[in-house]
Every structure is written in structure tokens, then in C-alpha cells.
K.L.:
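Submitted below is the structure of interest, expressed as C-alpha cells.
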Amino acid sequence: MEIQNTELSERKIKILDAIIRTYLETGEPVGSRTISKYTDLNLSSATIRNEMADLEELGYIVQPHTSAGRIPSDKGYRLYVDHLMAEKDREVSEMKEFVIEKTQKMEQVLKQMAKMLATSTNYATMITAPSLASNKIKFLQLSQMNESQLLAVVVLNNNIVKNHVISLTEEVDNETLLKLNILLNSGLAGLSIQEINLATITKLKEQAGNYSGIVSEVMDALAEALDEGENLEIYTSGATNILKYPELSDSEKVTGLLSAFEEKEELANLVSESLASEETGIQVYIGDEAPIQTMKDCSVVTATYELGDGVKGTIGIIGPKRMDYEKVMDNLKNLKNQLDAIFERDR
């Protein structure tokens with residue numbers, strides 16, 4: 001974060017930022033010698049002492065008791081918090097725009113590929129959007145909405161952004177809000193929902209003290225965000241191609257198959273089995289081997305594509321048992337390579 005203020009020079013801003021960050025970490029008054037250890041400052045202790053004296057005169061830091069060190073004043077905290085929150089708001093806003101743009105582009109690409117695959121093979125096809133095997137927390141941000149409400153913004157490592165409003169029983173000051181942000185991010189960033197256990201939550205609540213209720217609300221927001229982040233997007237095409245094959249044109253069989261493509265719940269089960277497999281190549285299910293009851297008279301060929309960092313998706317082709325397996329496999333391999341190339345280029 002780079003604090004901006006017309007009253008302060010760039011050097012004073014860097015020193016103030018270092019004082020506040022160090023004090024937040026240690027809780028101890030900060031001296032010039034400690035600040036001089038910040039490698040990016042490259043300033044002598046004497047120069048830092050002079051700048052600290054100016055910052056004290058301007059009201060941004062204070063010297064408690066007779067200690068040689070300084071701590072941030074309310075004015076210093078205010079400057080830091082205002083710019084910290086402005087930066088986080090900007091990051092979240094930019095991330096939302098990025099996610100919307102990426103999601104729309106990805107949806108368009110996958111729908112088009114499902115259609116092309118159905119046209120090329122003359123079978124029914126499905127493609128899932130890539131999803132994380134386990135969503136993790138990228139960062140959290142608590143910000144003040146008004147005296148009685150906080151906004152919790154949760155960003156996951158696949159850049160899904162979720163907002164959650166927290167109602168307050170008492171007003172929270174900026175210093176407390178800042179400390180809660182640091183506490184939550186240091187304790188939860190990088191964890192998946194499976195890694196957040198009772199001990200983790202209990203420790204955070206103890207550290208939050210009187211504000212343990214806010215921690216509980218944040219945990220509810222996390223559970224909601226991580227759960228919604230697991231939703232599976234499935235794009236299908238060519239379901240009516242099934243009608244072209246006499247052995248599948250029985251009204252009962254057709255109804256079941258078309259229903260599976262329309263409701264997608266059974267397709268989700270097929271995808272789950274495909275993703276759970278250790279294999280990331282092509283899998284073939286013939287007749288009764290298919291994990292979907294309505295597809296027992298079909299052959300199902302799937303391929304799992306993997307984009308790294310646990311991000312996977314599934315491509316599937318459903319047709320009669322007498323399908324052209326060689327052509328289907330060639331199509332799947334080509335499409336898998338195209339998806340890898342597209343998403344690799346966009347990262």
C-alpha cells in the first residue's frame with residue numbers, strides 16, 4: 001500500500017507506513033533503529049529520527065511516556081486506514097470486473113466448443129467449466145458500511161468474489177477494524193474449508209476478544225462463499241442427435257436421455273466420477289459401466305482436462321454403443337489441447 005497525502009513527502013509517508021505496520025505486528029513503540037532495518041528505505045537512523053520528529057509535530061505519531069519509540073496517533077491510523085480501505089476497494093472492484101469478463105468469455109468459448117463437438121461427431125456433448133478441486137481463501141476485507149453494519153468481502157483463489165453484510169451490536173472503530181482484518185487474513189488466507197477446523201475458529205475468537213461475534217459472522221460468510229464456489233457449470237449441445245440412432249429412439253429411452261441433458265443433475269454425477277478418477281486422460285463407459293442409469297444403452301466417453309493448481313474440467317460425448325470410437329477420441333484429444341491452449345494464454 002502506498003499512502004498518498006499532500007502534507008507529507010514520499011519519505012515521510014514510507015516512514016509512517018513502516019511505523020504503523022511494525023506497531024501493528026509487535027504492539028511495541030517503534031524506534032528509528034527498527035525503521036532503519038527496512039531495506040527499501042536506505043536511510044540513516046539520524047535522518048529517520050528527524051523525519052519522525054516532523055511526523056510527531058504534524059500529529060501522525062506520538063511518543064508514549066518517556067519511551068524512545070513512537071506509536072501511531074488517531075490521525076496516523078486514519079490516514080493509513082483510509083488508504084488501505086481505498087486500495088482494497090479498488091482491488092476488489094478490479095477483481096470483480098476481471099472475473100465478470102473472464103467468466104463471460106469462458107462461457108462463450110465452452111458453449112461454442114460443445115456445439116462444434118456435437119456437429120463434428122453427430123453425438124450429444126457436454127463440457128464443464130474448469131473448477132477448483134478445493135476452493136481456498138485468497139483474502140478477506142471487512143469495511144464499514146454504516147454505524148451498525150460491516151461489509152465482509154471474501155475473495156477465493158479462483159477469483160470468485162462474495163459479499164456478506166454483518167450487523168453490529170456496537171460500533172467498531174477503525175483501529176479495531178484494521179486489527180480484525182489483519183487477524184482474519186493472517187489466520188485464514190490460503191486455507192480451504194476442509195482446513196478450517198474448530199481449533200482455528202476458537203483461536204480467532206479468543207484473539208478477537210469482545211469482537212468474537214464478528215469472527216462467527218465471517219465464518220458464516222466463508223462457508224457460504226466456499227459452498228457456492230463449488231457449483232458446477234455444465235454446457236451441453238446436440239442432445240437431439242440421439243434421435244438419429246434407432247436403438248436409442250425408443251420413447252422411454254429418449255425421454256430419460258433428454259431429461260438428463262435438460263436437468264443436468266445426472267450429468268453432474270458423471271462429472272464427479274470423472275474428476276474423482278486418478279486418470280486425466282480419456283475414459284470410456286460402455287453400457288452398464290456408465291454411472292448414469294438413463295445412459296445404460298449408450299457409450300459415454302469423457303476426458304478430464306487439467307489447467308494446473310487443481311483446476312479441472314470434463315469433456316464428454318454420449319452416443320450409441322456403435323459410436324465411432326476412434327473419431328470420438330481424436331476429437332476429445334484435439335479439444336482438450338485447444339482448451340489447454342486457450343486457458344494457458346488467458347492466465
Side-chain angles (χ1 to χ4, degrees), residues 1-5 13-31 34-35 37-38 40-41 60-62 64 69-93 95 136-145 149-157 161-166 168 170-193 195-197 199-223 225-226:
M1 182 194 71
E2 185 176 338
I3 299 174
Q4 296 179 352
N5 185 279
I13 286 170
K14 284 186 176 181
I15 291 172
L16 176 60
D17 183 67
I19 291 170
I20 294 174
R21 286 180 179 276
T22 304
Y23 180 65
L24 287 172
E25 289 172 8
T26 65
E28 299 291 335
V30 183
T34 301
I35 298 301
K37 294 176 183 177
Y38 276 70
D40 60 331
L41 289 173
Y60 289 101
I61 56 176
V62 295
R70 309 294 200 284
I71 65 172
S73 66
D74 288 351
K75 184 178 179 181
Y77 274 129
R78 166 52 59 192
L79 181 64
Y80 180 82
V81 169
D82 283 351
H83 287 279
L84 176 68
M85 291 306 146
E87 182 181 86
K88 289 299 179 186
D89 286 340
R90 187 167 57 253
E91 284 179 9
V92 170
S93 177
M95 192 165 290
K136 294 188 177 183
I137 301 157
K138 191 169 186 177
F139 70 81
L140 299 158
Q141 179 199 355
L142 291 176
S143 54
Q144 196 91 41
M145 290 182 67
Q149 289 181 316
L150 294 178
L151 178 65
V153 178
V154 180
V155 182
L156 305 181
N157 60 337
V161 179
K162 296 291 180 182
N163 297 325
H164 183 83
V165 176
I166 296 174
L168 299 172
E170 58 179 302
E171 191 175 351
V172 176
D173 60 40
N174 289 315
E175 182 181 352
T176 300
L177 196 59
L178 182 62
K179 288 180 178 178
L180 284 170
N181 272 316
I182 293 170
L183 171 67
L184 289 167
N185 278 288
S186 61
L188 297 171
L191 298 182
S192 66
I193 190 68
E195 294 170 322
I196 301 173
N197 53 35
T200 304
I201 299 170
T202 302
K203 183 179 178 182
L204 286 173
K205 285 186 174 182
E206 288 175 354
Q207 290 174 316
N210 294 334
Y211 301 97
S212 61
I214 293 177
V215 172
S216 295
E217 290 269 9
V218 169
M219 298 314 299
D220 290 342
L222 283 175
L226 291 167

K.L.:
To check you understand the geometry: which heavy-atom pair defines the closest contact between Ile19 and Val30, and what is its length?
P.N.:
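Ile19 and Val30 have their closest heavy atoms at O-CG2, 3.7 Å.
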K.L.:
Measure the shortest side-chain to side-chain distance between Ile196 and Ile137 over non-hydrogen atoms and say whether it is less than 4.5 angstrom.
P.N.:
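Heavy-atom side-chain distance check passes, below 4.5 Å.
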K.L.:
Would you list the pairs meeting salt bridge (charged side-chain N to carboxylate O under 4.0 Å, His left out) in which at least one residue belongs to residues 203-214, sequence neighbours left out?
P.N.:
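Listed once each, the pairs would be none.
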K.L.:
Could you tell me which non-hydrogen atom of Gln149 sits nearest to which non-hydrogen atom of Val165, and how far apart they are?
P.N.:
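Looking at all heavy atoms of both residues, the shortest contact is NE2-CG1, 3.5 Å.
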K.L.:
Once rounded to the nearest 0.5 Å, what's the spacing between atom CG of Asp17 and atom OG1 of Thr22?
P.N.:
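Rounded to the nearest 0.5 Å, the CG-OG1 separation comes out at 9.0 Å.
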K.L.:
Taking atom OH of Tyr211 and atom CG of Leu183, what is their separation to the nearest 0.5 Å?
P.N.:
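Tyr211 atom OH to Leu183 atom CG measures 13.0 Å (nearest 0.5 Å).
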K.L.:
Looking at CG of Asn185 and CD of Gln141, how far apart are the two atoms once the value is rounded to the nearest 0.5 Å?
P.N.:
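Between Asn185 CG and Gln141 CD, I get 9.0 Å after rounding to 0.5 Å.
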K.L.:
Please report the interatomic distance CD(Glu170) to CG(Asn210), rounded to the nearest 0.5 Å.
P.N.:
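Here the interatomic distance stands at 7.0 Å.
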K.L.:
For Leu204 versus Gly187, what's the shortest heavy-atom pair and its separation?
P.N.:
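Taking Leu204 first and Gly187 second, the nearest heavy atoms are CD2-CA, 4.3 Å.
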K.L.:
Please enumerate all residues that pass side-chain hydrogen bond (donor to acceptor under 3.5 Å, both in side chains) together with Asp173, with sequence neighbours excluded.
P.N.:
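Partners of Asp173 by the side-chain hydrogen bond (donor to acceptor under 3.5 Å, both in side chains) criterion, ordered by chain and then number, come out as Thr176.
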K.L.:
Quick check: do Leu79 and Ile20 have side-chain heavy atoms less than 4.5 Å from each other?
P.N.:
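Answer no - side chains too far apart.
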K.L.:
Answer yes or no: is there a side-chain heavy-atom contact under 4.5 Å between Ile166 and Leu142?
P.N.:
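They are in contact (side-chain heavy atoms under 4.5 Å apart), so the answer is yes.
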K.L.:
Quick one: list whatever passes side-chain hydrogen bond (donor to acceptor under 3.5 Å, both in side chains) with Ser73, sequence neighbours left out.
P.N.:
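By the side-chain hydrogen bond (donor to acceptor under 3.5 Å, both in side chains) rule, Ser73 matches no residue at all.
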K.L.:
May I ask you to test the Gln144-Leu168 pair for a side-chain heavy-atom distance under 4.5 Å?
P.N.:
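The answer is yes; the side chains approach within 4.5 Å.
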K.L.:
Of all the heavy-atom pairs spanning Tyr77 and Glu175, show the shortest one and how long it is.
P.N.:
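That closest heavy-atom pairing would be OH-OE2, 3.3 Å.
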K.L.:
Are any of the side-chain heavy atoms of Gln207 and Val215 separated by less than 4.5 Å?
P.N.:
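Not touching, per the 4.5 Å side-chain cut-off.
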K.L.:
If you compare all heavy atoms of Pro64 against all heavy atoms of Pro29, which two are closest, and at what distance to 0.1 Å?
P.N.:
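That closest heavy-atom pairing would be CG-CG, 4.0 Å.
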K.L.:
Minimum heavy-atom separation for Val62 to Pro72, with atom names?
P.N.:
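So the two residues come closest at CG2-O, 4.5 Å.
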K.L.:
As an exercise, state the distance from CD1 of Ile214 to CE of Met219, rounded to the nearest 0.5 Å.
P.N.:
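Going from CD1 on Ile214 over to CE on Met219, the span is 14.0 Å.
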K.L.:
Side-chain contact, heavy-atom cut-off 4.5 Å: Arg21 with Tyr80?
P.N.:
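The answer is yes, as the side chains (C-beta and beyond) meet within the 4.5 Å cut-off.
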K.L.:
Quick check for you: to the nearest 0.5 Å, what is the distance between Ile35 atom CD1 and Lys14 atom NZ?
P.N.:
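Here the interatomic distance stands at 13.0 Å.
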